[in-house]
Amino acid sequence: MRFLGLVNKLNSLLIKTTARELRKRSMACSRYEYVKTYEQDDTILPNVWIVIRIDGKKFHKFSKTHNFEKPNDENALNVMNAAATAVMQEFRDVVLAYGQSDEYSFVFRKETAAFKRRSAKLLTYVTSLFSTSYVMQWSKWMSLPLAYAPCFDGRVVLYPSDENLRDYLSWRQADVHVNNLYNTAFWKLVLDSGLSNQKAEERLRGTFSADKNELLFQEFGINYNNLPAMYRKGTILLRKRVISDGDNDQKGRQAIVPLHEDLISSHFWKVHTEILGKYVPGTYTAPEIMPRLVDLQLNTKHEKGDYEKKQPENLAGIS
């Protein structure tokens with residue numbers, strides 16, 4: 001009996017001590033928890049297209065340091081494409097990405113619930129993932145070692161209608177044409193004609209697109225429309241089921257596919273209906289030479305006419 005009484009006293013003492021400690025912790029939490037009220041609610045409105053656009057910070061200096069080819073460096077552009085592919089691999093709700101120069105836009109479907117639609121979470125994750133993936137992909141495309149890591153800033157823009165989204169992407173692609181035509185003419189005058197930067201700017205000041213096209217053709221024998229489409233139209237990334245010769249799986253394998261098409265025209269949207277409609281990746285018939293960006297994802301090896309398939313590679317380098 002004495003033993004049982006002692007046990008009961010110990011249990012009672014333990015319960016009182018535990019309750020006292022819990023009260024102390026509760027009081028401590030409630031005392032400081034008020035600071036959460038200073039956090040701003042940044043939940044994005046429902047049923048809107050979410051576009052996150054990232055831009056390179058001081059990329060003029062970065063490109064000069066790393067000796068980018070002028071006016072376009074194909075490998076440097078593909079580093080951007082590879083980094084954007086890594087973002088799309090991480091976020092399946094990104095239905096389209098569009099890039100040019102040192103910028104990329106990522107379009108999230110209207111219904112996405114990623115990060116509970118918190119603007120800051122989406123923006124910081126996409127920007128940081130793109131930046132780190134850029135560094136990870138550098139050595140696969142560039143011959144010079146990376147002297148220092150680049151920086152990217154970002155913004156979130158919301159578009160309520162399909163028309164608004166199409167107009168946004170059309171604006172970005174029109175920007176490619178204007179900038180690339182100018183840069184092509186400018187660097188031809190500097191590199192081939194020997195003009196100084198100032199003289200080349202003076203030569204092009206006040207000219208229209210037709211004037212620049214005429215200059216390129218008459219002085220350098222260049223038909224602007226024959227330049228690589230990636231330079232003139234930028235890069236569109238879409239999730240597709242890749243069908244290739246010798247592939248036993250007729251359904252194909254999913255990969256992020258780079259396209260260089262005119263997305264301003266209605267034809268693009270009629271072909272790629274999955275973007276605005278029910279999101280089911282369309283098919284992509286691989287050309288005879290598989291784009292390297294796709295090949296890296298599928299991780300294929302061409303041996304004696306057959307493809308030895310492995311699991312698609314995560315270009316972000318994360319699980």
Is the backbone of [Y] close enough, under 3.5 Å, to the side chain of [X] for a donor and an acceptor to pair up by distance?
X	Y	value
S193	V190	no
R239	V95	no
W269	L263	yes

Please name the pair of heavy atoms, one in [X] and one in [Y], separated by the smallest distance, quoted to 0.1 Å.
X	Y	value
G234	Q100	CA-CB, 4.5 Å
L298	A255	CD2-CB, 4.1 Å
L123	T127	O-OG1, 2.8 Å
L129	A86	CD2-O, 4.2 Å
V94	M88	O-CE, 3.5 Å
L237	A84	CD1-CB, 3.6 Å

Any idea how [X] and [Y] line up, ring-wise: parallel (<30°), tilted (30 to 60°), or perpendicular (>60°)?
X	Y	result
H177	Y224	perpendicular
Y34	Y38	perpendicular
F91	F115	tilted

Side-chain heavy atoms of [X] within contact of [Y], under 4.5 Å:
X	Y	answer
K116	K121	no
F108	I44	no
E261	V271	no
M230	N81	yes
L169	L165	yes
E214	T207	no
F268	D262	no
L238	V257	no

Spatial distance of atom [atom1] ([X]) from atom [atom2] ([Y]) [nearest 0.5 Å]:
X	Y	atom1	atom2	result
D93	K110	CG	NZ	14.5 Å
Y98	E103	OH	CD	8.0 Å
T124	R118	OG1	CZ	9.0 Å
K199	L204	NZ	CG	13.5 Å
I275	I236	CD1	CD1	7.5 Å
L144	N75	CG	CG	10.5 Å

List the steps, then state whether side chain to side chain contact (heavy atoms under 4.5 Å, CB included) holds for W141 with L296. CA-CA 11 Å; W141 301 91; L296 281 172; 3.7 Å; yes
Tell me, with the steps shown, if L77 and T235 meet side chain to side chain contact (heavy atoms under 4.5 Å, CB included). CA-CA 9 Å; L77 290 173; T235 299; over 6 Å; no
Atom [atom1] of [X]: over 12 foreign heavy atoms under 6.0 Å:
X	atom1	value
H260	NE2	yes
F208	CZ	no
F217	CZ	no

Between T184 and Y231, a side-chain donor and acceptor under 3.5 Å: no
Using a strict cut-off of less than 4.0 Å between a Lys/Arg side-chain nitrogen and an Asp/Glu carboxylate oxygen, indicate whether K240 and E274 qualify as a salt bridge. yes
Would D175 and R172 pass as an ion pair if we require N to O under 4.0 Å? yes
In sequence, state the C-alpha distance, the side-chain angles, and the governing distance for Y168 and V51, and then conclude on side chain to side chain contact (heavy atoms under 4.5 Å, CB included). CA-CA 9 Å; Y168 167 78; V51 175; 3.7 Å; yes
Residues at least two apart in sequence or cross-chain that pass salt bridge (charged side-chain N to carboxylate O under 4.0 Å, His left out) with D192, listed by chain then number, are K188
Report yes or no: do [X] and [Y] belong to one cluster of Ile/Leu/Val/Met/Phe/Trp/Tyr joined by side chain heavy-atom distances under 4.5 Å?
X	Y	value
F68	V135	yes
I289	V294	no
V280	L276	no
F130	M142	yes
F186	V178	no

Side chain to side chain contact (heavy atoms under 4.5 Å, CB included), that's the test. Do Y125 and I52 meet it? Break it down for me. CA-CA 11 Å; Y125 196 166; I52 295 180; over 6 Å; no
For residues 153-165, which residue pairs qualify under side chain to side chain donor-acceptor pair (under 3.5 Å), counting only residues two or more places apart or in two chains? W49-D162, S161-N164
Inter- and intrachain pairs under side chain to side chain donor-acceptor pair (under 3.5 Å), touching residues 59-73, at least two apart: N72-N180
Output field: ring centroids F59/F152 closer than 6.0 Å: yes
